[in-house]
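These numbers come from a predicted model, not from an experiment. If you read the sequence from its start, that first residue is 1, and numbering goes on from there.
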Amino acid sequence: MKNFGINSHQKILILMVLFFSVILIFSNCERLKGFPEGVIAIVNNENITLEEFNKEFKGMVLETQAKVGDPNTRRLKEAFLNQMIERKILVQEARKLGLMVSKEEINRALQEIKLDYKEEEFLERLKLIGIGLDELRQRLEERLLAEKMIRSAADYHGEVDEKEALKFYEENRSYFQVPEMVRVRQIVVLDGQEAIQILKRLKKGENFEKLAREKSIGPEKDKGGDLGYFSRGERPSEFDLVFEMEVGRISDIIKTPYGYHIFKLEEKIEPREIPYNEAKSKIIQAIAKKKGEENFRQWLKKLKQKARIKINMDWLNS
């Protein structure tokens, strides 16, 4: 279920912004008293109100089921306010640079959230958090704008030395070991007698895919029972018997907590090591991404240091 405050469009923002300690914000701010009524923080002359905080915080609490009455409440409030301050800084910088979010982008983000709810549930959720549709659109616009700013700041334009890529490969050879894998089809039913009849039909030469579509209760039935590729340990232990089968063979009936299974081994891939030349492009991409993230960390740190941040300590300590 998607959170109105933290939706899938927020993943980049959450993953990258949280690299930074709350201390960076709270050590680089003016701890003032006597704030305007209803204001809990000021970021470069732009207010964050208590009403705004409470709505977003309530959405987070509802989604994560956090316990706001425990001794860590103050730290939780600090962390969430920190996130709001960082987003505010990012949005301000994005607007300064002329970045924009289109109505179409906002509509797509809104529709993605609504996919998880019936219409009445969606409206009830908005009511519970205390926001209207226009306010939600505004919130989505800010989050999308912050994400654009992050992507822009984290985009690495430099070259990655191939020696660096080769060094990574040599120091992390275990990452490039591909285990033995199989591609398997299955027919699974709940009744043992039905499984016996299906196996008899298969032994008489009936098509496995056709019977899977007709009889199987598994979610992969529409693909002819195709489970795709997997290695040992990725499926329930009962599935491991397929690694001992010959390609093209059909198993006996196997009982698991999910029902009665019949497997067909379609393909077997032997274990191997991915050679450097095959892995090189992805290694270079990973290194460039890491360098971009480091650039972003340094960039945001400087942006925070330049920002004029004031925190309402009376509210925070209440």
Side-chain angles (χ1 to χ4, degrees), residues 1-2 7-8 11-12 14-15 112 115-116 160 162 164-290:
M1 188 174 289
K2 290 185 176 66
N7 57 63
S8 62
K11 287 180 182 176
I12 300 173
I14 293 169
L15 288 173
E112 187 173 330
L115 285 175
D116 284 342
V160 175
E162 189 166 338
E164 191 175 356
L166 183 59
K167 179 183 178 184
F168 179 90
Y169 179 83
E170 293 295 344
E171 292 178 350
N172 299 277
R173 296 293 282 260
S174 61
Y175 292 170
F176 303 99
Q177 305 302 315
V178 179
E180 180 184 22
M181 301 190 76
V182 291
R183 179 175 166 232
V184 175
R185 293 185 189 274
Q186 77 162 344
I187 297 172
V188 56
V189 294
L190 293 176
D191 182 71
Q193 288 301 313
E194 183 182 8
I196 291 171
Q197 295 306 312
I198 293 171
L199 185 58
K200 286 180 179 179
R201 293 172 66 179
L202 289 169
K203 288 182 176 179
K204 288 179 181 178
E206 290 198 42
N207 184 273
F208 194 100
E209 290 183 49
K210 181 173 179 292
L211 279 175
R213 294 178 192 276
E214 291 176 1
K215 300 293 185 179
S216 183
I217 62 169
E220 66 289 324
K221 63 175 293 183
D222 292 337
K223 297 186 291 183
D226 192 352
L227 291 169
Y229 294 90
F230 59 90
S231 57
R232 291 180 189 269
E234 290 185 349
R235 298 276 180 171
S237 59
E238 295 89 347
F239 286 51
D240 284 351
L241 69 91
V242 297
F243 288 91
E244 312 306 325
M245 292 168 53
E246 294 180 11
V247 174
R249 294 287 186 176
I250 294 173
S251 73
D252 290 328
I253 297 167
I254 309 299
K255 188 177 185 306
T256 77
Y258 308 101
Y260 296 85
H261 304 251
I262 302 170
F263 300 114
K264 181 182 179 184
L265 180 59
E266 292 284 4
E267 187 180 351
K268 184 179 287 188
I269 300 175
E270 297 300 324
R272 72 184 184 99
E273 180 180 78
I274 300 174
Y276 170 72
N277 286 338
E278 185 179 332
K280 181 173 72 173
S281 63
K282 289 187 177 180
I283 293 173
I284 289 174
Q285 288 174 16
I287 293 173
K289 182 180 178 182
K290 185 177 179 181

What are the two closest heavy atoms between [X] and [Y], and how far apart are they?
X	Y	result
Y260	D191	CD1-C, 3.8 Å
Y276	A165	OH-CB, 3.6 Å
S231	P179	CB-CG, 3.8 Å

Can you measure from [atom1] ([X]) to [atom2] ([Y]) and round to the nearest 0.5 angstrom?
X	Y	atom1	atom2	answer
K203	I262	NZ	CD1	9.0 Å
R183	F230	CZ	CZ	11.5 Å
I274	K280	CD1	NZ	15.0 Å
K215	I198	NZ	CD1	6.5 Å
K264	L227	NZ	CG	13.5 Å
E270	E180	CD	CD	5.5 Å

Side-chain donor/acceptor pairs under 3.5 Å, residues 248-256, sequence neighbours excluded:
{"from": "S251", "atom 1": "OG", "to": "F263", "atom 2": "N", "distance (Å)": "2.9"}
{"from": "T256", "atom 1": "OG1", "to": "Y258", "atom 2": "N", "distance (Å)": "3.0"}
{"from": "T256", "atom 1": "OG1", "to": "H261", "atom 2": "NE2", "distance (Å)": "2.7"}

Could you tell me whether the side chains of S174 and Q177 share a donor-acceptor contact shorter than 3.5 Å?
->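 The answer is no; no qualifying pair exists.
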E267 versus Y229, side-chain donor and acceptor atoms under 3.5 Å | yes
Can you confirm whether [X] sits close enough to [Y] that some side-chain heavy atom of one is under 4.5 Å from a side-chain heavy atom of the other?
X	Y	result
I196	Q193	yes
V182	F243	yes
D226	Q186	no

Pair K223-E266, salt bridge (Lys or Arg N to Asp or Glu O under 4.0 Å): steps then yes or no | CA-CA 13 Å; K223 297 186 291 183; E266 292 284 4; over 6 Å; no
Tell me, yes or no, whether the heavy-atom count around E246 atom CD, taken from other residues, nucleotides or ligands under 6.0 Å, exceeds 12.
->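 Count not over threshold, so no.
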Do any side-chain atoms of residues 204-211 form donor-acceptor pairs under 3.5 angstrom with protein atoms, and if so which ones, sequence neighbours left out?
{"from": "E206", "atom 1": "OE1", "to": "R201", "atom 2": "NE", "distance (Å)": "3.4"}
{"from": "E206", "atom 1": "OE1", "to": "R201", "atom 2": "NH2", "distance (Å)": "3.0"}
{"from": "E206", "atom 1": "OE2", "to": "R201", "atom 2": "NE", "distance (Å)": "2.9"}
{"from": "N207", "atom 1": "OD1", "to": "E209", "atom 2": "N", "distance (Å)": "3.0"}
{"from": "N207", "atom 1": "OD1", "to": "K210", "atom 2": "N", "distance (Å)": "2.8"}
{"from": "E209", "atom 1": "OE2", "to": "R185", "atom 2": "NH2", "distance (Å)": "3.4"}
{"from": "K210", "atom 1": "NZ", "to": "E214", "atom 2": "OE2", "distance (Å)": "2.7"}

Pairing of E164 and K290 as salt bridge, 4.0 angstrom limit = no
Passes salt bridge (Lys or Arg N to Asp or Glu O under 4.0 Å), R272 versus E278? Steps please.
-> CA-CA 12 Å; R272 72 184 184 99; E278 185 179 332; 2.9 Å; yes
Do the rings of Y169 and F176 sit parallel, tilted or perpendicular, given the 30° and 60° boundaries?
-> tilted
